[in-house]
Each structure stands twice: as structure tokens, then as C-alpha cells.
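Accompanying notes for the structure given below.
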Amino acid sequence: MKLLVTGFDPFGGEEINPALEAVKGLEDTIKGAEIKKIEIPTVFGKAAEVVKAAIDEFNPDVVLNVGQAGGRFALTPERVAINIDDARIPDNEGNQPIDEAIQEEGNAAYFTQLPVKAMVTAIKAAGLPGAVSNTAGTFVCNHIMYQVQYLIDTKYPEIKGGFIHVPFIPEQVVDKADQPFMNLTDMTKGLTAAIEAIVAFDGKEDLKEVGGAIH
């Protein structure tokens, strides 16, 4: 099995993006699967161009995008991507789409093909907080998850795709009171556990466990 794992460059005035740094820490082989790690720009449209080029070059079985979600305390595999760009802040090239469809002819939403509940179970078994998330927001994280799902739907039906959000790291919350954080070593450990679950559940149904939320 081959996994393409991506991490975004820093955005929103931050000097570091823990998603990218945690991805860099992954081993090149996890549970027998080959891991290719790439940096992608926090830019609407361009992020998808970089991922598509990497897909064409690497021919992965799975595309796993990783992004930062400051304010969350856990590693959160995303269940669904929605067809909307609604940027709270500009991206790294100043683009700020408001209520724009990502793909005019695309579905309203796409569910991940990855076993999100098995991934959460594996993250918790590694001693770290994990939870299924039902919203990837409306910024570039949701954008790239949706774009990958659109590519799977229209061009690469043999590929599976998904997204994991990670919290801030300690140095990002020095001046942010009451913000949760996780150190990079644990973040990479949790991503590794999630990838191990992806490999273990290849060709199998996801776990049937409680993963819902009231908001």
C-alpha cells in the first residue's frame, strides 16, 4: 500500500504549522505501507494542484491530508467535506472566497472512504485524545478534502481519501489563554496510529462504535 500524506504551510500569522511538522516526523514506512510526505500551500485552488500532481507522480492508494485546527484538543479524523469555500481570513495569497462552490458540478458533500472510527480508536489506544469530527470548516482544510474527494469521484475511483485535523503545539499558545495544545512528538505518534488503522482496515468495514456529537 502507498499513502500520500500532506501538511499545510503556516497561515493566519502563525510561524509554524504543526500539521506539516507532524507529517515530517512520520516514518517512511508504516505497517508495511510506503509513506510519501509533501508540503502543500494554504491557498485555495493551488493546494489541489499540488496534490493532484503528487497523485499522478506517486500513484497512491490513499491520500491523507493533515491540517491545523487551533482550539481543538484532540486529533480529529474528518467524516465529510462540503462543497463550499467561505474563508474567515485570506489564504496565503490573499484569496478570500465567500460562499463559493468548490466545484460547480460536484456533489454537495463527500464522505471519506477512510475508517474514521478505527482511526480514532487507534489514536486513543496510543494514549492520545482522538474524536471523529463532522466538520472540516470552510477554509482551505475543507477545500482540499473536498477537492481530493472530487478527484476520487471523477478521476481516481481506486483511491481512498481523508483528512485529520491536529491541535496547536505549545509554542503557538504562549499568548493564547485557555487554548488546548499537543506536542509534536505525540502528534506524530497519533498520526502514525491512525495510519496503522488505515492499513489494518484496508478492504474492511469501519468499526461500528459511537462517534457522534451534538454539535
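Keep in mind it's a predicted model, so treat the numbers as computed, not measured.
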* Asked: Do N92 and D9 pass the side-chain hydrogen bond (donor to acceptor under 3.5 Å, both in side chains) test, and can you show the C-alpha distance, the side-chain angles, and the key distance before you say yes or no?
  -> CA-CA 9 Å; N92 284 351; D9 60 4; 3.1 Å; yes

* Asked: More than 12 foreign heavy atoms under 6.0 Å from CG of D56: is that the case here?
  -> yes

* Asked: With distance as the sole test, does D206 use its side chain to make a donor-acceptor pair with the main-chain N or O of V116 at under 3.5 Å?
  -> yes

* Asked: Is atom CD of E171 surrounded by more than 12 heavy atoms (other residues, nucleotides or ligands) closer than 6.0 Å?
  -> yes

* Structure fact -> For G137 and T135 the tightest heavy-atom approach is N-OG1, 3.0 Å

* For the atom pair CD1 (I82) and CG (N134), what is the distance rounded to the nearest 0.5 Å? -> 11.5 Å

* Structure fact -> In short, A122 meets A193 closest at the heavy-atom pair CB-O, 3.4 Å

* Over 12 foreign heavy atoms within 6.0 Å of CD, E158 -> yes

* May I have the step-by-step check of side-chain hydrogen bond (donor to acceptor under 3.5 Å, both in side chains) for Q103 and Q147, ending in yes or no? => CA-CA 8 Å; Q103 293 287 347; Q147 292 278 40; 2.8 Å; yes

* Side-chain (Y150) to main-chain (Y110) donor-acceptor, under 3.5 angstrom -> no

* To do: Answer yes or no: is there a donor N or O on one side and an acceptor on the other, between the side chain of T76 and the main chain of A131, under 3.5 Å?
  => no

* To do: Can you see which heavy atom on Y146 is nearest to which on N107, and at what distance?
  => OH-O, 2.5 Å

* To do: Mark yes when over 12 heavy atoms from residues, nucleotides or ligands other than K37 sit less than 6.0 Å from its NZ; otherwise mark no.
  => yes

* Are L75 and M182 side-chain neighbours, meaning at least one heavy-atom pair lies under 4.5 Å? -> yes

* To do: Using the rule that two of Ile, Leu, Val, Met, Phe, Trp, Tyr join whenever any of their side-chain heavy atoms come within less than 4.5 Å, decide whether L114 and I164 are in one cluster.
  => yes

* Is a side-chain N or O of Q179 found less than 3.5 angstrom from the main chain of K176, in a donor-acceptor match? -> no

* Assess whether side-chain hydrogen bond (donor to acceptor under 3.5 Å, both in side chains) is satisfied between R88 and T138, documenting all intermediate values. => CA-CA 8 Å; R88 176 181 59 85; T138 55; over 6 Å; no

* Minimum side-chain heavy-atom gap N142-I102 below 4.5 Å -> yes

* Asked: Rounded to the nearest 0.5 Å, what separation is found between the CD atom of E27 and the CG atom of L191?
  -> 12.5 Å

* Asked: side chain to side chain contact (heavy atoms under 4.5 Å, CB included) with V132: which of K117, E209, E78?
  -> K117

* Just do the side chain to side chain contact (heavy atoms under 4.5 Å, CB included) check on D91 and Q96 with the steps written out, would you? => CA-CA 6 Å; D91 68 15; Q96 191 169 8; over 6 Å; no

* Distance from I40 atom CD1 to E49 atom CD, nearest 0.5 Å? -> 12.0 Å

* So which heavy atom on L4 is nearest to which on A54, and how close? -> CD2-CB, 3.7 Å

* Should V63 and Y156 be regarded as members of a common hydrophobic cluster, given that ILVMFWY residues are connected when their side-chain heavy atoms come within less than 4.5 Å of each other, either directly or indirectly? -> yes

* To do: Report yes or no: do V62 and F201 belong to one cluster of Ile/Leu/Val/Met/Phe/Trp/Tyr joined by side chain heavy-atom distances under 4.5 Å?
  => no

* To do: Write down the atom of A87, the atom of I98, and the distance for their closest heavy-atom approach.
  => O-CD1, 3.8 Å

* Asked: Quick one: are R79 and S133 in side-chain contact, heavy atoms under 4.5 Å?
  -> no

* Ring centre gap for F73 and F181 strictly below 6.0 Å -> no

* Asked: Which distance, rounded to the nearest 0.5 Å, do you find between the CD of E100 and the NE2 of H143?
  -> 10.5 Å

* K36 bridged to D28 by N-O distance under 4.0 Å -> no

* Run the side chain to side chain contact (heavy atoms under 4.5 Å, CB included) check on F163 and I144 step by step: do they pass? -> CA-CA 9 Å; F163 194 101; I144 193 59; 3.7 Å; yes

* Asked: Any donor-acceptor pair under 3.5 Å linking the side chain of D99 with the backbone of D85?
  -> no

* Distance from I198 atom CD1 to T112 atom OG1, nearest 0.5 Å? -> 8.0 Å

* Asked: Going by heavy atoms in the side chains, are P115 and L207 under 4.5 Å from each other?
  -> no

* Do I55 and L3 share a hydrophobic cluster, counting only Ile, Leu, Val, Met, Phe, Trp and Tyr and linking them when any side-chain heavy atoms are less than 4.5 Å apart? -> no

* Structure fact -> What one should report as the nearest heavy-atom pair of V66 and A19 is O-CB, 3.5 Å

* Give, for atom CE of M119 and atom CD1 of I195, the distance between the pair rounded to the nearest 0.5 Å. => 8.0 Å

* Asked: Taking side chain as C-beta onward, heavy atoms only, is F8 less than 4.5 Å from P41?
  -> no

* Test item: K124 and P129 side chains (from C-beta on) under 4.5 Å apart, heavy atoms -> no

* Checking side chain to side chain contact (heavy atoms under 4.5 Å, CB included) for the pair K160/I152: CA distance, chi angles, key distance, verdict? -> CA-CA 7 Å; K160 298 176 181 177; I152 291 170; 5.6 Å; no

* To do: Given side chain to side chain contact (heavy atoms under 4.5 Å, CB included), test E196 with I30 step by step and report yes or no.
  => CA-CA 7 Å; E196 289 174 344; I30 296 176; 3.6 Å; yes

* Asked: Does any non-hydrogen side-chain atom of P90 lie less than 4.5 Å from one of N95?
  -> no

* According to the interplanar angle, ranging from 0 to 90°, do the rings of F11 and F139 count as parallel (below 30°), tilted (30 to 60°) or perpendicular (above 60°)? -> tilted

* Asked: Under a 4.5 Å side-chain heavy-atom rule over Ile, Leu, Val, Met, Phe, Trp and Tyr, are M145 and L151 clustered together?
  -> yes

* Validation row: F168, E14 side chains within 4.5 angstrom (heavy atoms) -> yes

* To do: Could you walk me through whether Q68 and Q172 pass the side-chain hydrogen bond (donor to acceptor under 3.5 Å, both in side chains) test, one step at a time?
  => CA-CA 11 Å; Q68 168 194 296; Q172 290 180 289; 3.1 Å; yes

